[in-house]
Structure formats: structure tokens, C-alpha cells
Amino acid sequence: MPDTTSSFDRGIRRPFQAMLAILLLTWCGQAAADDALDPADWAKIAQEGRGQVVYFNAWGGEARINAYIDWAGRQVAETDDVTVKHVKIGNTAEAVSRILSEYAGGNTTSGSVDLIWINGENFAALQRRDYLYGPWTAALPNMQFVNPTQPALENDFGIAVSNMEAPWGLAQLVFLHDTAILPAPPRSAYELLNWSVANPGRFTYPQPPSFMGSAFLRQLLVDLTADRSALRKPVSEVDAAAVTVTVWNYLDRLHPLMWRSGVAFPQSTSAARGLFADGEIDITVSFDPGEAANGIANGTLPKTTAVYTFSEGTIGNASFLAIPGNSPNKAGAMILANFLLSPAAQARKADPAIWGNHTVLSMPLLSADQRKHFKALESMKGMPGPGQLGPSLLEPHPTWTAYMDEQWEARYANGD
């Protein structure tokens, strides 16, 4: 799912004293407006949200996801009189940079982003500056179906969520293979390397800092690091060069064995999936366990496509929805976020024919009728059932994403 880039602060930093002076001029009015909006008073939220236009900044790189967001917009327009404008962004950092620039310019009440699909370092970039509205998520009516204490929902890349963002979907890094061609795929990083020796040119990954390229780097970092406790800390607090040397040594060996000898890379997840669908490669990566089922359902992948993880597991995380503090349409944003947490919306999103993104809802908290649709999805071709994937491993601290991207670009971006 799209939420990592190489940097957030380039060109954004301003002297602290100047920014503080600007913010103090508008803080009182903004605080009063926020205090008047009580997330626990849902009747008032529903009333205030009517007629609002919510600018939902979300990745626009997949037609199926765009179609789902369009569907959700139609639902809340009909039931709550909230208009949803999907602002299609290439990566979440675009919207984060815009929010930071608005605050730097003194705009604390009429920002351009009302709701943002976010996680990881993007969340951390806004949270550490106190540029997010909240806490607000515990009061959402549909949070009754969520167990917020599960690790992926309680902490976002090691940063406490603290009711500042609403859970939306669960993801885990998976590999796609055609069981008719490759019935026994490699189940670890070093097995992948050995397999590539015997099958040169049949594997690649998207180029960092694209979302999936960054995710593959983090997977190698977790898989090849003996002492993972270092990955729970910010990069600045450890000897990052010493921690990552194994990753770069590994890639130095892997790249010459990859598609186009590792001097060219697909630029996106969809481009890599296209290579797989066309038979140019035998293994590709995704952060969506429903990827194979979705491709089978819409006819873009062979019916024998399946997903798998490394035997010891792969990194996993949750995606969230957050409201910037300068959003002028917070009530409408909460209404949309609440709808996206509803069993109906989560079940539709989990359907591989629609999207195939795993739900954040806890099945024991649903009624028998609400669970039926989710249960039916497990039997769909290509959809992994319970226990079929390896463990979901904790993501590194958010600062590792930018570091790994920048180091990768310095080493390999020119085809070296």
C-alpha cells in the first residue's frame, strides 16, 4: 500500500521562532473551534457534517482502489449528505508536504486536506509537529468492531497511535508465484538468492523509493538483521552503516541475477505485476495478500497464481486515516472514516473482486450475519486462508525507510 518516501523535511524547515510567532496568532481561534467539536457527541458530528465537502487525499495509483473510494463517496453522499472529493496523489508525502507548508505559512484553519490515507513516517512527520487533529477515533461508532490493542493497530511503525488515526486496512508483504510454473518457491532471502543463481533474470522488485521498492528493502533489513532491537530505534541512535552492511552485500550479489541484470527496475508495483502477468518474471512482490485473488477474479493473472511469505514471516502493518489539524471539514471527515470502518464497507474492501485488502475488524466482535461475508471470501481462489501466511513481523522505526531509500539510490540508482 503507498505510504513511504525518502524524505519529508527538504525545503520545508523554517526558523522555529518565526513559525511560533505565526502559530500563536491563530492558535486561540483554532483551539476554540476544535473544542466545540466533540467527537463523542456523534449526533452533533452528524449534523455538523451535513453539506460538507471532504477532500480525501489518498493514493490514486490503482483503478480498483479509486473505484472503491468512489463507491464509498456515493454512500456517504446518500446517507449523510457528505461530498467526498478523492484527491489522487502519487504518494502520501505529497499531501504531508502540503500540510507542512500550510502550517509554515500560518494556515491553521483552512487547509486543503480533510482526511488522509497514512501510516509510517508520514504519520510520524505530522504527529511529532502536533499537526494532526485528535484524539478522535475512539468515539467513532464503528470502532466497536475493532480491537485497538492488537500490535498493528496500537502502534504505527513503532509510534503510538493514541487515537489520532483510525485503522483502515491490514497488509503484509507477500510474494506472488504461479504454482503451475514454480510449485516450490524460495522461502527466505538467501533461498531467493540461490534460486536466482539457478534462474537468472526471473525476479525483480520495484525501484525505491516507490512504495513497494521501499517495502522490499525493509523486508531485507528485517530478514538479514541478527539483532532486530536496533530496528526499533531511530536511525540516528544506532550505527546504521554497520546494521545495514549485510543488506547491501546481499543486493550486490542479487542484482546481477535479476531481470535486466539489475541495471533497470520496474517503476511501480503495477509495472512489476505486469512483468509477472506477461511471464517475464516468475516471482514478484506485493503488500496485499489479496493480490493474487484480485488478479484471478479480474482475469489479469493466471488462475494458478498464489501468494506466499518467507517461512519466518514478512513485515506487516496497518494503514490508517488521519485528520489534519487545519482541516475545515473535520465532522465530514469523521463521518467518512466511520463509514469506511463499517462491516459493510470493510467486507466490500476485502472482496478480491473489488480490492482484496484485509479488514481491521475483529471477527468475534461482529454478529453472525456480519461475519458471513468475510467467511465466504476465504474460499475464493487465490485468497490465503487463516494460517496460510507466515507471521507478520514488526516494521522498523519510521526513520529507517528514508535512510534505506537514500542509501539505495546512492548505490544503485545509476545502474551500478
Side-chain angles (χ1 to χ4, degrees), residues 1-6 8 58-59 61-62 65 91-93 96 116-128 132 137 146-175 205-206 208-223 225 228 231-235 269 285-291 307 309-310 312-322 337 340-341 346 349-350 355-362 384 389-405:
M1 306 313 262
D3 197 36
T4 53
T5 57
S6 61
F8 297 94
W59 184 55
E62 282 276 3
I65 297 175
N91 58 66
T92 308
V96 171
I116 182 171
W117 178 8
I118 198 168
N119 73 357
E121 59 176 340
N122 292 290
F123 171 67
L126 295 178
Q127 177 75 330
R128 67 173 171 260
L132 290 176
T137 62
V146 178
N147 174 11
T149 63
Q150 57 179 300
L153 302 185
E154 193 172 29
N155 294 283
D156 186 348
F157 282 62
I159 306 297
V161 171
S162 302
N163 291 314
M164 299 297 289
E165 52 181 0
W168 193 26
L170 291 175
Q172 184 175 356
L173 187 142
V174 295
F175 297 87
Y205 60 92
S210 70
F211 168 73
M212 199 60 239
S214 295
F216 182 68
L217 290 184
R218 298 198 306 276
Q219 173 59 42
L220 292 180
L221 181 63
V222 170
D223 201 57
T225 300
R228 293 176 182 171
L231 305 182
R232 307 278 81 80
K233 302 174 183 179
V235 168
T269 305
V285 289
S286 173
F287 223 114
D288 182 358
E291 183 90 14
V307 298
T309 61
F310 286 162
E312 295 186 3
T314 50
I315 55 172
N317 61 49
S319 59
F320 296 86
L321 303 170
L340 293 172
L341 266 178
Q346 286 279 305
K349 185 158 66 75
W355 181 344
N357 184 233
H358 281 207
T359 183
V360 296
L361 304 187
S362 175
L389 298 180
S392 179
L393 305 178
L394 290 176
E395 287 269 15
H397 188 275
T399 53
W400 284 97
T401 298
Y403 177 82
M404 296 298 289
D405 285 347

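No hydrogens, no waters, no symmetry mates; every other heavy atom, side chains included, goes into these values.
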task: Look at the side chain of W400 and the backbone N and O of L221, then say whether any donor-acceptor pair between them is shorter than 3.5 Å.
output: no

message: Can you tell me how far apart CD1 (I315) and OG1 (T309) are? Round to the nearest 0.5 Å.
response: 12.0 Å

query: To the nearest 0.5 Å, how far apart are CZ in R228 and CG in L394?
result: 9.5 Å

- prompt: Looking only at heavy atoms, which two atoms of A318 and A152 are closest? And how far apart?
  reply: CB-O, 3.5 Å

Least distance between heavy atoms, V285 atom then P206 atom: CG2-CD, 3.8 Å

- prompt: For the atom pair OG (S210) and CZ (F216), what is the distance rounded to the nearest 0.5 Å?
  reply: 11.5 Å

message: To check you understand the geometry: which heavy-atom pair defines the closest contact between P289 and V307, and what is its length?
response: O-CG2, 3.7 Å

task: Might you point out which heavy atoms bring L341 and V360 nearest each other, and give the distance in Å?
output: CD2-CG2, 3.6 Å

query: For G356 and D288, which heavy atoms make the closest approach, and how far apart are they?
result: O-OD1, 3.1 Å

- prompt: Do T149 and N147 have side-chain N/O donor and acceptor atoms under 3.5 Å apart?
  reply: yes

message: Quick check for you: to the nearest 0.5 Å, what is the distance between L220 atom CG and T225 atom OG1?
response: 9.5 Å

- request: Could you tell me whether E312 atom CD has more than 12 heavy atoms of other residues or ligands within 6.0 Å of it?
  value: no

- prompt: Residues two or more places apart in sequence or in another chain: which of them pass side chain to side chain donor-acceptor pair (under 3.5 Å) with Q346?
  reply: T359

task: Would you mind listing every salt bridge (Lys or Arg N to Asp or Glu O under 4.0 Å) that reaches into residues 392-403, with sequence neighbours excluded?
output: R218-E395

- request: Could you walk me through whether L126 and I118 pass side-chain contact (heavy atoms from CB on, under 4.5 Å), step by step?
  value: CA-CA 10 Å; L126 295 178; I118 198 168; 4.0 Å; yes

Which atom pairs, donor and acceptor, lie under 3.5 Å between side-chain atoms of residues 158-174 and protein residues at least two apart or in another chain?
unit_1	atom_1	unit_2	atom_2	d
N163	OD1	T137	OG1	3.2
Q172	NE2	T314	OG1	3.1
Q172	NE2	G390	O	3.1
Q172	NE2	P391	O	3.0

NE2-NZ distance between H397 and K233, expressed to the nearest 0.5 angstrom: 11.5 Å

message: Rounded to the nearest 0.5 Å, what separates atom OG1 in T401 from atom CG in L217?
response: 9.0 Å

message: Strictly distance-based, threshold 3.5 Å: is any side-chain N or O of N119 a donor or acceptor partner for the main-chain N or O of F320?
response: no

message: Could you check whether any side-chain heavy atom of T92 comes within less than 4.5 Å of a side-chain heavy atom of W59, counting everything from C-beta outward?
response: no

task: Side-chain contact test, heavy atoms from C-beta onward, threshold under 4.5 Å: evaluate it for V222 versus L231 and give yes or no.
output: yes

Considering all heavy atoms, the nearest G316-F287 contact: CA-CE2, 4.1 Å

query: F175 and F310: aromatic ring centres closer than 6.0 Å?
result: yes

- prompt: Taking side chain as C-beta onward, heavy atoms only, is L321 less than 4.5 Å from I116?
  reply: no

